[in-house]
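Reviewing the structure listed below.
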Amino acid sequence: MAVIGQGHFAQAAVLPAIEQLEDVELTALVSGSEHKLDELGEHYGVRHRCHYDQLGSLLASGAIDAVYIAMPNDHHAEMTLIAARHGVHVICEKPMAPTEAECMQMIRACEQRRVKLMIAYRLHFQTANLAAIEVARGGALGKLRLFSSIFAMQVREGNVRVQPRRGAGPLFDLGVYCINAARYLFQAEPIEVVALKVAGRDPRFAAVDEAYGAMLRFPEERVAQLTASFGAYDRAYYEVIGSDGLLTLDNAYQYAVEMRMMVRSSHGTEERTFPKGDQIAAEIEYFARCIREDLDPEPSGWEGLADVRIVQAIQASARFGRAVPIEPITMPRRPYLGQEIQIQPHGKPLLVDVQSESK
């Protein structure tokens, strides 16, 4: 596997995750920084180290079976198309791309070259979120009615997420988690959205909005509301309420802390704590299995496209101040408890010339 992009997430999570896996070899690093390539390459014992303009030659060499794309969102489509052209399998960070059109390009290119395409929804393999799906499906909460979620952080000034580029801002970076959670808990696709955005006077938000709020209408008159903010105290939480009970999950979207679930129903109140694990190693292990056994990954490119379509509808609603209909994408598969993969957390990673996204 080659890792394309050596930003904070790649260094803090992706590289040490691959190092943990016995059956996946970190064979190449791709970056625009010679310093990063040298230090990280030496640390992880990586044979191939190349700049972005050398990626085509690297993939043509036959040394790489798959790539992990950990670049900014506006480069996801370009990198995926290069990999597909060389018959190399792709796991791509979410959001899949800034637009539906780019998502479709990625899907079609991978289909034409018979390349596996998986979008890195790590929570589709994480115990707490899969347990929440099981509770929601199992009937203990009664008929599901409401979903509510907040994902917020104080973004670091100058971070790539607030730079003037396509796919930046809190909706793409944080909101996509809330959208995806609503979809897998309701086991359905939204059909309409009403949304608003908060511009923010802070200099950090000169190029992007500070926050988005949205309300999604699902079939059977179910409602999901979400807030994604780059200018508020750290919070990653959701709640799903049914006719007979409710479920809450704290730290629901985080990858480096434990999660806490509370279920209240006619059976009483139950609380569970889920220890942190290596979520990125789990999803890479699953992806490697899909390649070896010729399985179609879940989450697929269609899963990524569904969220990007909803993100674009939220943007349109906030821009025009009206409800916007959403054409649902039929999803043949959704995450379920059988996808659970538990891997112990890795140790402290080497970080070279990077800072976390949050203050």
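Just the heavy atoms: all of them, side chains too, but no hydrogens, waters or symmetry mates, feed the values below. Residue numbers start at 1 and run along the sequence shown.
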Carefully, step by step, assess L123 and Y253 under the rule side-chain contact (heavy atoms from CB on, under 4.5 Å). CA-CA 7 Å; L123 299 178; Y253 310 122; 3.8 Å; yes
Check: I343 main-chain N/O paired with D278 side-chain donor or acceptor under 3.5 Å: no
Backbone N/O of V352 and side chain of Q11: donor-acceptor pair under 3.5 Å: yes
The test is salt bridge (Lys or Arg N to Asp or Glu O under 4.0 Å); show your working for K143 and D244 and say whether it passes. CA-CA 7 Å; K143 189 174 182 180; D244 302 323; over 6 Å; no
When rounded to the nearest 0.5 angstrom, what distance separates OH in Y68 from CD in E283? 4.0 Å
After noting the C-alpha distance and the side-chain angles of F172 and R161, does the key distance pass the side-chain contact (heavy atoms from CB on, under 4.5 Å) rule? CA-CA 9 Å; F172 279 100; R161 293 160 179 79; over 6 Å; no
Please confirm whether the backbone N or O of G158 pairs with a side-chain atom of Q163, one donor and one acceptor, at under 3.5 Å? yes
Whether the side chain of N73 engages the backbone of G167 through a donor-acceptor N/O pair (distance < 3.5 Å, no angle test) should be reported. yes
Reported CG-to-CZ distance for the pair L185 and R183, which is rounded to 0.5 angstrom: 11.0 Å
I'd like to know if the side chain of R114 reaches the main chain of E111, judged simply by a donor and an acceptor atom lying under 3.5 Å from each other, with no hydrogens or angles considered. no
Got a salt bridge between K94 and E303, using NZ or NE/NH1/NH2 to carboxylate O under 4.0 Å? no
Sidechain-backbone polar pair: Q126 side chain, A128 backbone, donor-acceptor under 3.5 Å: yes
State whether R264 and E271 are salt-bridged, where the test is any N-O pair (Lys NZ or Arg NE/NH1/NH2 against Asp/Glu carboxylate O) under 4.0 Å. no
Backbone N/O of M71 and side chain of H76: donor-acceptor pair under 3.5 Å: yes
Classify the angle between the aromatic ring planes of F151 and Y177 as parallel (below 30°), tilted (30 to 60°) or perpendicular (above 60°). perpendicular
Side chain to side chain donor-acceptor pair (under 3.5 Å) against R309, all qualifying residues, sequence neighbours excluded: E100
Which residue in the set R334, R333, Q339 passes side chain to side chain donor-acceptor pair (under 3.5 Å) when paired with E298? Q339
Heavy-atom side-chain contact between K116 and D296 under 4.5 Å: yes
Classify the ring geometry of Y184 against Y238: parallel below 30°, tilted from 30° to 60°, perpendicular beyond 60°. perpendicular
Under 3.5 Å, side chain of R204 to main-chain N/O of V155, donor-acceptor pair present? yes
For the backbone of G231 and the side chain of Q154, can you confirm whether one donor and one acceptor N or O come within less than 3.5 Å of each other? yes
